[in-house]
Engineer: 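Next up is a structure, given as structure tokens.
Everything numeric here is computed off the predicted structure, so don't read it as measured data.
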Amino acid sequence: MGERARARRDVETVIVGAGMSGLLLAIRLQQRGRRDVAILEARGGVGGTWRANAYPGCCCDVRSFAYLPLHLMPEYIPERIYSTQQEIEAFLDRLAHKHGVHDNVVFNARVTRCERNEAENAWEVESTQGRLRCKYLVFANGPLSRPQRPDIPGLEDVFEGRVWHTAEWDNKVSLKGKRVAVIGTGASAIQIIPQVAKDAQHLYVIQRSAAFCFPRDDGPLTDLPQVVQGLKQQGLSFISKMRSDFNEYADNFVFNIYNNKELNDQAVAHHRKRIFEIVDDPEVAANLVPDYPQGCKRSLLTDDYLPTFNRPNVTLIPAPATRVTPRGVVAENDKREFQIDALDVVVLATGFRTGAIDDVEIVGAEGQTLSQSYEETGVHTMFGLMSHGFDNMFFMLGPQSWTPQGNTCEACDVQSEWIAHVIGAMEDSSVDSISPRPECEQYWGDRCLELGQASVWAQCTSWYLDPKTGRPFMWTGRWQEYVNELLELTHKVFRLRKDGREEDGKEYHQERLAEEAKDQRGVAGDLERVLERTSRLDHDMKDQKRCEKLLASVDDKVEDKRGTGAWCIVAAAFVGFGPEKVLRLERAEQDLARSGEPDGNHDFFPRDAGQSRRAQSRQHDNAQDCEES
């Protein structure tokens, strides 16, 4: 479609958003022969958050060779250790063209309303480019796509200077010689502040809460010659290793810090010491020390944020902004009031509205909107991928589905693989619709809550938590545990409708397995034979590598050759294999990686033992309801 695109009236799948998650899903669908796809993108190009956030200094905080989906473009060599916004946007545009999905994008098509037409088994989608109808609707507009403008009196109607959000950066305005205030000290702020400080006459950093900042050690990728050599000479196998290494680091080292108070206290002490070593003024340094456990709010990577406070033209204001005057900002804490005058520009580094989708009216079959449904019971999902009452509608990076200590690209990979396989399996078997079972959504919500209560996530207020219910918006366990839940539960927790009657998912998957086993060329048959051969192997490193090689030899229908992780779901998620065969391979690698590591599975702060047992009992009961109903 591209620039010539117009929204067609009827398509099989509509994807909302042409960022990384939307593009990966379109590619996965295409690889399975599902090419009848329209991608509705609100902006004028692909890239999603990497197109919108074009502020100075914007870059990724995961190393480029682990973050970028290089397995879909292995010939690409990243420019830097941490990719800039410009590089990621260009990479995604190149990826879309390479895989032929760029022409599926309808640009400047902001979705405003979606309504389920049960009689037609369709979704009616309204956008600024017209209406269309589809069987499957996928929201891939990302959790960091809706700028959060703070409710500060006077900000919108009193201030006489310029105001903009980091996601709406005005590149036409030069900050040279200007007096600037940046409100916020989160992920965007710590990248912007060092850049603005170079140009501004004076910069005021208005801080509500301090951030944990760790060194990035960024530079050209050529500073890591072994990585460049590995990418050029080993290709996919090296890409797989880099991604796996990062996942293991996040699932073990980082996760343990977030779930073990002793380790967390050590990390906090190390960070405090580092601040006082870098920042010259002891009072400023003290105000830059966070007053909460590491990980409770997003931990950040930066090489130049803390040194910026040694500049004579930078002032830290350790208090939240409370009101805006015609030419300034007033900030107050419990000790004093700060008056900042003669400002030219106020930059809002205040993050995004996360959690449930609130900028599109989504109406289910019973006439209830998604917002109303969540208002009544709080966010309810299965795997963060679907919600009961909204058949054939999927989320990518939805609430309760990804972990902030992990790699977002890996989550996009796994979820795009899962959704593409579900859609393909349904079409192959003429299934009309799919919806989560409500009792299973309750189990999933309890699972997320139980993990969150036992970790650092519950120890302060952040965008990781639903402000209405206190339940985590995120999956707060290890990422591999999330993948395992997908493998083990997918064939149990959904109801399918075919020819006007409902079928239990488990029975359907068993029937589908029997059908696919007859086709010796099918993915199911191939993987079943491979797993039968590998199940007899011991779990030492030598045999683990043999397992990976065998898995990599599965039918060419499986494009991703990483050996573990996302693509395994294509075979196990929807066909009822004994998932223990798949998990045997993944857990062997995990066991080896975790041997000798500190145990991070106990509560971050001790709770009443009876309360913990009661919570576990409720979760067990909900799991039983999900299993038996």
Engineer: Could you verify whether a donor N or O on one side chain and an acceptor N or O on the other, from Thr369 and Tyr374, lie under 3.5 Å apart?
Structural biologist: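 Result is no, nothing qualifies.
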Engineer: Judged by modelled atom types alone, do Gln480 and Asn484 share a side-chain donor-acceptor pair under 3.5 Å?
Structural biologist: yes
Engineer: Looking at Ala420 and Leu25, what are the two nearest heavy atoms and their distance?
Structural biologist: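 Closest approach of Ala420 to Leu25, heavy atoms only: N-CD1, 3.9 Å.
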Engineer: Would you please test Leu137 and Val125 for side chain to side chain contact (heavy atoms under 4.5 Å, CB included) and show each step?
Structural biologist: CA-CA 9 Å; Leu137 174 62; Val125 181; 4.1 Å; yes
Engineer: How close do Trp402 and Ala411 get, heavy atom to heavy atom, and via which atoms?
Structural biologist: CB-CB, 4.1 Å
Engineer: Looking at every non-hydrogen atom in both residues, tell me the closest pair between Gly445 and Gln400 and how far apart they are.
Structural biologist: CA-NE2, 4.0 Å
Engineer: Assess the residue pair Val46 and Glu41 against the criterion (side chain to side chain contact (heavy atoms under 4.5 Å, CB included)); give the C-alpha distance rounded to whole Å, side-chain angles, the decisive distance to 0.1 Å, and a yes or no.
Structural biologist: CA-CA 7 Å; Val46 304; Glu41 170 53 49; 6.0 Å; no
Engineer: Can you find a pair of side-chain heavy atoms, one from Glu481 and one from Trp475, that are under 4.5 Å apart?
Structural biologist: yes
Engineer: Establish, from distance only, whether the side-chain atoms of His380 and Ser373 form a donor-acceptor pair under 3.5 Å.
Structural biologist: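 Side-chain D/A pair, His380 to Ser373: present.
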Engineer: Is there a side-chain contact between Leu486 and Trp418 in this structure, where contact means two heavy atoms from C-beta onward sitting under 4.5 Å apart?
Structural biologist: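 Yes, side chains in contact.
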Engineer: Are His388 and Phe494 an aromatic pair by the rule of ring centers under 6.0 Å?
Structural biologist: no
Engineer: If we only count heavy atoms from C-beta on, is the Phe394 to Val422 side-chain gap below 4.5 Å?
Structural biologist: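 They are in contact (side-chain heavy atoms under 4.5 Å apart), so the answer is yes.
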Engineer: When you measure from the centre of the six-membered ring of Phe212, is the NZ or CZ of Lys297 under 6.0 Å away and within 45° of the axis?
Structural biologist: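 Judged by the rule, Lys297 and Phe212 form no cation-pi pair.
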Engineer: Here's a test for you: under side-chain contact (heavy atoms from CB on, under 4.5 Å), which of Asp36, Val37, Val11, Leu40 qualifies with Asn104?
Structural biologist: Val37
Engineer: Quick one: does Met393's side chain get under 4.5 Å of Ile362's, heavy atoms only?
Structural biologist: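 A side-chain contact exists here, since the closest heavy-atom pair is under 4.5 Å.
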Engineer: Name the one of Arg478, Arg447, Lys492 that satisfies salt bridge (charged side-chain N to carboxylate O under 4.0 Å, His left out) with Glu485?
Structural biologist: Arg447
Engineer: Hey, mind stepping through Glu248 and Arg243 against salt bridge (Lys or Arg N to Asp or Glu O under 4.0 Å) and telling me if it holds?
Structural biologist: CA-CA 9 Å; Glu248 289 176 9; Arg243 181 76 69 87; over 6 Å; no
Engineer: So, for Pro436 and Met382, which heavy atoms are closest and what is the spacing to 0.1 Å?
Structural biologist: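 Between these two residues, the closest heavy atoms are CB-CB, 3.7 Å.
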Engineer: Please check if the side chain of Ser401 supplies one atom and the backbone of Gly398 the other of a donor-acceptor pair under 3.5 Å.
Structural biologist: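 At least one qualifying donor-acceptor pair exists.
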Engineer: Looking at every heavy atom in both Ala211 and Leu300, which two are closest together, and how far apart are they?
Structural biologist: CB-CD1, 3.6 Å
Engineer: Is Asp359 salt-bridged to Arg110, cutoff N-O under 4.0 Å?
Structural biologist: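 Answer for the salt bridge query: no.
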Engineer: Mind checking whether Ile239 and Phe65 have side chains closer than 4.5 Å, heavy atoms only?
Structural biologist: no
Engineer: Decide side chain to side chain contact (heavy atoms under 4.5 Å, CB included) for Val101 and Gln30; before the verdict, give the C-alpha distance in whole Å, the side-chain angles of both, and the deciding distance to 0.1 Å.
Structural biologist: CA-CA 8 Å; Val101 299; Gln30 182 191 80; 4.0 Å; yes
Engineer: Give, for atom SG of Cys60 and atom CG of Asn407, the distance between the pair rounded to the nearest 0.5 Å.
Structural biologist: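 So the gap between those two atoms works out to 7.5 Å.
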Engineer: Can you tell whether the side chains of Asp93 and Arg51 come within less than 4.0 Å, N to carboxylate O?
Structural biologist: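 No.
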Engineer: Between the side chain of Thr490 and the main-chain N/O of Leu487, is any donor-acceptor distance below 3.5 Å?
Structural biologist: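 Here the side-chain-to-backbone pair does not exist.
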Engineer: Could you check whether any side-chain N or O of Gln85 sits under 3.5 Å from a backbone N or O of Trp50, counting only pairs where one atom can act as donor and the other as acceptor?
Structural biologist: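 Yes: the side chain of Gln85 pairs with the backbone of Trp50.
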Engineer: Would you name the heavy atoms of Gln294 and Tyr258 that are closest together and state the gap between them?
Structural biologist: O-CD2, 3.6 Å
Engineer: Taking salt bridge (charged side-chain N to carboxylate O under 4.0 Å, His left out) as the cut-off, I'd like each qualifying pair that reaches into residues 59-68, sequence neighbours left out, listed once.
Structural biologist: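 Residue pairs passing salt bridge (charged side-chain N to carboxylate O under 4.0 Å, His left out), neighbours aside: Asp61-Arg298.
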Engineer: Short question: side chain of Asn259, backbone of Phe255 - any donor-acceptor pair under 3.5 Å?
Structural biologist: yes
Engineer: Is Glu366 reaching over with its side chain to a backbone N or O of Gln368, donor-acceptor style, under 3.5 angstrom?
Structural biologist: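 No, the answer is negative, given that no donor and acceptor are paired below the 3.5 Å cut-off.
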Engineer: For the side chain of Thr476 and the backbone of Gly452, is there at least one donor-acceptor N/O pair under 3.5 Å apart?
Structural biologist: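 Pair found, side chain donor or acceptor close to backbone of Gly452.
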Engineer: Could you tell me whether Glu12 and Arg133 make a salt bridge, using a distance below 4.0 angstrom between a side-chain N and a carboxylate O?
Structural biologist: no
Engineer: Walk me through it: do Val483 and Val414 pass the test side chain to side chain contact (heavy atoms under 4.5 Å, CB included)?
Structural biologist: CA-CA 8 Å; Val483 174; Val414 169; 4.3 Å; yes
Engineer: Any chance you could measure Glu124, atom CD, to Leu132, atom CG, to the nearest 0.5 Å?
Structural biologist: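 One finds 9.0 Å between CD of Glu124 and CG of Leu132.
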Engineer: Hey, what do you get for OH (Tyr136) to CD1 (Ile419), rounding to the nearest 0.5 Å?
Structural biologist: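 So the gap between those two atoms works out to 12.5 Å.
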Engineer: Can you confirm whether Thr112 sits close enough to Glu126 that some side-chain heavy atom of one is under 4.5 Å from a side-chain heavy atom of the other?
Structural biologist: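 Of all side-chain heavy-atom pairs linking Glu126 with Thr112, at least one is under 4.5 Å.
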Engineer: Between atom NE2 of His99 and atom CG of Leu95, what is the distance when rounded to the nearest 0.5 Å?
Structural biologist: 5.0 Å
Engineer: Could you measure the distance from the CZ atom of Phe91 to the OG atom of Ser64? Nearest 0.5 Å is fine.
Structural biologist: 10.0 Å
Engineer: Give a yes or no on whether the ring-centroid distance for Tyr67 and Phe246 is below 6.0 angstrom.
Structural biologist: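 Aromatic pair excluded; centres sit 6.0 Å or further apart.
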Engineer: What is the distance from atom OG of Ser435 to atom CG of Asp391, rounded to the nearest 0.5 Å?
Structural biologist: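 The OG atom of Ser435 sits 4.5 Å away from the CG atom of Asp391.
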Engineer: Does Asn121 have any side-chain hydrogen bond (donor to acceptor under 3.5 Å, both in side chains) partners at least two apart in sequence or in another chain, and if so, which?
Structural biologist: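 Only Arg116 meet the side-chain hydrogen bond (donor to acceptor under 3.5 Å, both in side chains) criterion with Asn121.
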Engineer: Should Leu24 and Pro69 count as side-chain neighbours, where that means a heavy-atom distance under 4.5 Å?
Structural biologist: yes
Engineer: Check whether any side-chain heavy atom of Tyr82 lies under 4.5 Å from a side-chain heavy atom of Val62, and answer yes or no.
Structural biologist: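 No, too far: nothing below the 4.5 Å cut-off.
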Engineer: Has Asn264 got a side-chain atom pairing as donor or acceptor with Asn260's backbone, closer than 3.5 angstrom?
Structural biologist: no
Engineer: Without swapping roles, check the side chain of Thr350 against the backbone of Gln148 for a donor-acceptor pair under 3.5 Å.
Structural biologist: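 Here the side-chain-to-backbone pair exists.
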Engineer: With a 4.0 Å cut-off, would you call Lys135 and Glu120 a salt bridge?
Structural biologist: no
Engineer: Trp123: which residues meet the side-chain hydrogen bond (donor to acceptor under 3.5 Å, both in side chains) condition with it, sequence neighbours left out?
Structural biologist: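 side-chain hydrogen bond (donor to acceptor under 3.5 Å, both in side chains) list for Trp123, sorted by chain: empty.
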